[in-house]
Amino acid sequence: MRRRFRTGRPALDLVHTGGDGALAVWEIVHTAADLVRWLAVILDLDELDADESDLPAMRRLRTAVTNAAYRAAAGEPLFPNDIATINTVAALPPLIPELRVDGTGGYADPTAAAALSTLARDAIDLFTGPLAARIRVCAAEDCGLLFVDASRPGRRRWCSMDRCGNLSKVRRYRDQDRSE
């Protein structure tokens with residue numbers, strides 16, 4: 001399964017799988033099979049064990065990372081309950097990398113809990129590192145996706161120049177053309 005948009009960090013990729021409230025219309029993780037599929041995509045896993053009992057933990061972590069990322073993008077302090085949720089999940093054993101006989105890499109017995117712990121640890125690294133100041137919300141009026149601005153000058157405005165950036169420039173050009 002291919003994704004059209006990558007945020008620049010796996011923890012933020014988890015955010016874009018849906019959520020509560022207004023984000024519920026974008027929900028793509030309804031079942032354990034969906035969770036397996038999307039964790040495998042986000043973390044580039046070949047296989048993963050998960051069941052329905054893993055869904056509430058994923059939703060709690062996703063909500064905490066979502067809240068924290070939007071607050072970080074706004075330059076606001078993170079909520080203590082979101083920090084506690086991220087830390088609780090990060091305290092679980094993460095995915096364990098392994099070297100395989102054929103020279104490839106993978107993970108030893110990957111589970112949803114270990115994948116979520118790995119994502120929580122990525123969130124901690126993101127929110128405490130130099131890229132925390134580079135978390136952005138797409139400037140397009142109809143978007144709102146999060147991304148990490150890895151551009152050299154740090155002035156990226158859109159999640160994707162191909163989609164939101166181009167559409168924004170087209171709108172601005174048409175508005176300018178109408179006002180003349």
Side-chain angles (χ1 to χ4, degrees), residues 1-45 48 50 52-92 94-95 111-151 154 156-160 163-165:
M1 176 176 301
R2 234 180 100 242
R3 292 178 293 161
R4 288 181 40 204
F5 172 69
R6 292 185 187 253
T7 63
R9 289 305 285 255
L12 293 184
D13 290 342
L14 177 66
V15 168
H16 294 188
T17 63
D20 301 322
L23 298 175
V25 299
W26 305 110
E27 183 64 59
I28 58 175
V29 182
H30 302 283
T31 65
D34 296 336
L35 180 62
V36 167
R37 181 174 36 259
W38 285 105
L39 289 176
V41 168
I42 291 168
L43 293 170
D44 196 27
L45 301 169
L48 179 73
E52 299 297 320
S53 68
D54 294 311
L55 291 170
M58 181 281 297
R59 290 188 178 112
R60 282 190 301 276
L61 177 63
R62 182 178 63 191
T63 297
V65 173
T66 300
N67 294 342
Y70 280 106
R71 291 191 64 80
E76 298 172 355
L78 309 187
F79 290 130
N81 59 332
D82 293 328
I83 293 170
T85 298
I86 293 167
N87 287 338
T88 298
V89 177
L92 299 172
L95 292 170
T111 64
L116 294 173
S117 176
T118 299
L119 290 171
R121 290 164 186 240
D122 180 65
I124 292 169
D125 182 61
L126 175 60
F127 298 136
T128 62
L131 293 178
R134 294 277 189 116
I135 298 171
R136 306 276 191 266
V137 178
C138 183
E141 296 171 7
D142 58 347
C143 184
L145 289 177
L146 292 159
F147 63 92
V148 174
D149 178 2
S151 69
R156 183 173 154 198
R157 297 182 54 210
W158 298 288
C159 63
S160 165
R163 185 186 179 289
C164 290

One should read off an interatomic distance between L126 CG and T128 OG1, to the nearest 0.5 angstrom, of 8.0 Å
Closest non-hydrogen contact found for D149 with R156 is OD2-N, 3.0 Å
(Q) Looking at D54 and A32, would you say the former's side chain and the latter's main chain have a donor-acceptor pair under 3.5 Å? (A) no
Rounding to 0.5 Å, atoms CG (L146) and CG (L14) come to a distance of 11.5 Å
Between D125 and R9, is a side-chain contact (heavy atoms from CB on, under 4.5 Å) present by the stated rule, with each step listed?
-> CA-CA 10 Å; D125 182 61; R9 289 305 285 255; 2.7 Å; yes
Closest heavy-atom pair, L35 versus A50, reported as atoms and distance to 0.1 Å, is CD2-CB, 4.2 Å
Item to check | Minimum side-chain heavy-atom gap T31-D34 below 4.5 Å | outcome: yes
Distance col, row T118:OG1 vs L95:CG, nearest 0.5 angstrom, shows 3.5 Å
- [ ] Flag the pair I86 / L78 as yes when at least one side-chain heavy-atom distance between them is below 4.5 Å, and no otherwise.
- [x] no
Between D20 and R62, does any NZ, NE, NH1 or NH2 come within less than 4.0 Å of an OD or OE carboxylate oxygen? no
key: Side-chain heavy-atom pair M58, W38 within 4.5 angstrom cut-off   = no
Taken to the nearest 0.5 Å, the spacing of N87 CG from I124 CD1 works out to 4.5 Å
For A57, the side chain to side chain contact (heavy atoms under 4.5 Å, CB included) test, sequence neighbours excluded, returns R60, L116
In short, A72 meets I135 closest at the heavy-atom pair CB-CD1, 3.9 Å
Notebook entry, point to check: Just by distance, do the side chain of R136 and the backbone of G154 share a donor-acceptor pair under 3.5 Å?
Noted result: yes
Here the gap from R71 atom CZ to D82 atom CG, rounded to the nearest 0.5 Å, amounts to 8.5 Å
**Request:** Would you check if the side chain of R134 reaches a backbone N or O of S151 as a donor-acceptor pair within less than 3.5 Å?
**Result:** yes
Handout entry: Side-chain (T85) to main-chain (L61) donor-acceptor, under 3.5 angstrom
Key = no
For L12 and A69, the nearest pair of non-hydrogen atoms, with its separation, is CD2-CB, 3.5 Å
Looking only at heavy atoms, the pair that brings A11 and V65 closest together is O-CG1, 3.6 Å
R59 and V29 have their tightest heavy-atom pair at NH2-O, 3.0 Å
dist L119:CG -> D13:CG (nearest 0.5 Å) comes out at 8.5 Å
